[in-house]
Amino acid sequence: MYNKFGIDERLEKIAEEVELEIADICKKIDKVAEENQLKVLASFQKYKISDAHFAGSSGYGYGDIGRDAIEAVFSETFGCEDALVRSQFVSGTHAINVMLWGVLRPNDNLLYITGKPYDTLEKVIGIADEVGSLKEFGVNYLQVDLLQNGDFDLEKIKETLTTKKVKALVIQRSRGYSLRPSMKVEKIGQVIKYIKEIDSNVICMVDNCYGEFVETIEPTNVGADLMVGSLIKNAGGGIAPTGAYIAGKKHLVEMCANRLTSPGVGKECGATLGVNKSILQGFFLAPVVTSQARKGAIFEAAFLKRLGFNVSPDYNEDRSDIIQAIIFGDKDKLIAFCQGIQAASPIDSHVLPQPWDMPGYTSEVIMAAGAFNQGSSIELSADAPIREPYALYLQGGLTYFHVKYAMLKATQNMINKGFYSLE
Ligand SMILES: *Cc1c(COP(=O)(O)O)cnc(C)c1O
């Protein structure tokens, strides 16, 4: 079948063998998806979602029952008090920015306990200079790195919390653009318990991007005060056209809402135009779509490892996000593979991605993103900062079969360009 697409038969055969190898893991992923599907369904039923909720509001957006219902469904599913689910969030970075500005005040200490945050947050926090960063407003940034084995550094966390008054801390669940492991939700729960025993007032926030529905529990189920994620990643199910959410304790969500809109307006305003149905439908599909992306990531790891590439995590390693890294150690190989992924896309398969200075990022980035929603990374996409060790981060896939084909196509592209040989 793949012959017609110019794929070497040997690659197809290897793919079939790899699929046998990963079958058990894929079955477990289906079980997680099933449990999450029922959880989401129950939330829809509890709030009696109906046609009326699909209608959008305009102008100020007062009394938008669809918007309120969406926020109730998210809160219910995530087991928390309240949520802010808005298309006015332009990205995950924006939602994290709003969360930080919502909660922090001048002279507060902000602590990251999963090492350096995701690239785009460096300018938000002021780790990298930028006009209007938190640093400019007197918010001080502290960081505790993860231990060599990827665990939390409990001693350093304790030392920081006992020597400095920390207002809020962030745990980044996903690996982001780094090679450390993702954080299991259970582990996030344990560290939050540990932190609250040292100082019960510290606000514990989780950057949940790429994490939703990978497990059957979310950080808000295990003590996180706030968590945040993007709707063009897992929680949007590939259908939500834009937006993000912040979920957690009611009074903290209110502080964030006052920052997103304005003090005194909070959650009451925000026209939904026509997006309610897409957000609801996307959230309904999200557990299964996330499982497709996850199975795709397992296939990527097993298939590419089998071909001799350096992958992280390994296919049989425990994970809590949908990101798969492949370390090429070489710029040209990385670019050829990435261009192969783009060529396998349903959208823009004819364009050739090139490295560029993407706004918000500190190094040049190459991205393969042949997506229905621009930049959507619950759809199959590949990003790589152009720097050592030339690691490509793959994520997403609305269907497993598309991911499988893309792996074959990208490898074939490398073979055709002389960067890889099957002999
Ligand atoms: C994607 C991501 C972000 C930022 O989201 P954008 O929508 O790309 O701005 C932040 N943190 C993590 C861990 C992410 O994966």
Which heavy-atom pair separates [X] from [Y] by the least distance, and what is that distance?
| X | Y | value |
| --- | --- | --- |
| Gly115 | Tyr141 | O-OH, 4.1 Å |
| Ile366 | Gln354 | CG1-C, 3.9 Å |
| Pro313 | Ala301 | O-CB, 3.7 Å |
| Ser312 | Leu179 | OG-O, 3.9 Å |

Note, [X] side chain near [Y] side chain (heavy atom, < 4.5 Å):
| X | Y | value |
| --- | --- | --- |
| Val403 | Gln292 | no |
| Ser320 | Lys187 | no |
| Lys116 | Ser178 | no |
| Arg259 | Cys256 | no |
| Phe401 | Lys295 | no |
| Val214 | Val185 | no |
| Gln172 | Tyr118 | yes |
| Val85 | Phe283 | no |

Going by the side chain to side chain contact (heavy atoms under 4.5 Å, CB included) test, name the single residue among Asp119, Thr120, Leu121 that passes it with Pro117.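 Of Asp119, Thr120, Leu121, side chain to side chain contact (heavy atoms under 4.5 Å, CB included) with Pro117 is met by Leu121 alone.
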Test side chain to side chain contact (heavy atoms under 4.5 Å, CB included) on Ile322 and Ile378 and set out the steps. CA-CA 9 Å; Ile322 60 166; Ile378 187 59; 3.9 Å; yes
Just by distance, do the side chain of [X] and the backbone of [Y] share a donor-acceptor pair under 3.5 Å?
| X | Y | answer |
| --- | --- | --- |
| Asn413 | Ala336 | yes |
| Arg67 | Glu268 | yes |
| Gln339 | Pro353 | yes |
| Gln88 | Ala271 | yes |
| His94 | Leu260 | no |
| Ser182 | Arg175 | no |
| Thr162 | Glu159 | yes |
| Asn36 | Phe213 | yes |
| Gln342 | Ala369 | yes |
| Lys39 | Thr216 | yes |

Hey, mind stepping through Thr160 and Ile113 against side chain to side chain contact (heavy atoms under 4.5 Å, CB included) and telling me if it holds? CA-CA 10 Å; Thr160 309; Ile113 61 169; over 6 Å; no
Check whether more than 12 heavy atoms from other residues, nucleotides or ligands sit under 6.0 Å from atom [atom1] of [X], and answer yes or no.
| X | atom1 | value |
| --- | --- | --- |
| Glu186 | CD | no |
| Glu364 | CD | yes |
| Lys417 | NZ | yes |
| Lys249 | NZ | yes |
| Lys167 | NZ | yes |

How long is the straight-line distance from [atom2] of [Y] back to [atom1] of [X], given to the nearest 0.5 Å?
| X | Y | atom1 | atom2 | answer |
| --- | --- | --- | --- | --- |
| Met205 | Ile192 | CE | CD1 | 11.0 Å |
| Leu304 | Phe328 | CG | CZ | 7.0 Å |
| Phe372 | Asp348 | CZ | CG | 10.5 Å |
| Thr399 | Lys404 | OG1 | NZ | 11.5 Å |
| Ile171 | Ile188 | CD1 | CD1 | 6.0 Å |
| Ile195 | Ile157 | CD1 | CD1 | 5.5 Å |

Check [Y] with [X], please: is the shortest side-chain N to carboxylate O separation under 4.0 Å?
| X | Y | value |
| --- | --- | --- |
| Asp225 | Lys196 | yes |
| Asp199 | Lys165 | yes |
| Arg86 | Glu71 | yes |
| Glu34 | Lys31 | yes |
| Lys184 | Glu215 | yes |

Gln395 and Ser381: side-chain donor and acceptor closer than 3.5 Å?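 Judged by distance alone, the side chains do pair up.
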Would you say Tyr210 and Ser377 are linked by a side-chain donor-acceptor pair, where the criterion is simply a distance under 3.5 Å?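 Per modelled atom types, Ser377 and Tyr210 side chains form a pair under 3.5 Å.
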Apply ring-ring contact (aromatic ring centres under 6.0 Å, His included) to residues Tyr245 and Phe78 and explain how you reach the verdict. CA-CA 11 Å; Tyr245 74 87; Phe78 293 152; 5.2 Å; yes
Taking the six-membered ring for Trp, are the ring centroids of Tyr194 and Phe152 within less than 6.0 Å of each other?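 Aromatic pair excluded; centres sit 6.0 Å or further apart.
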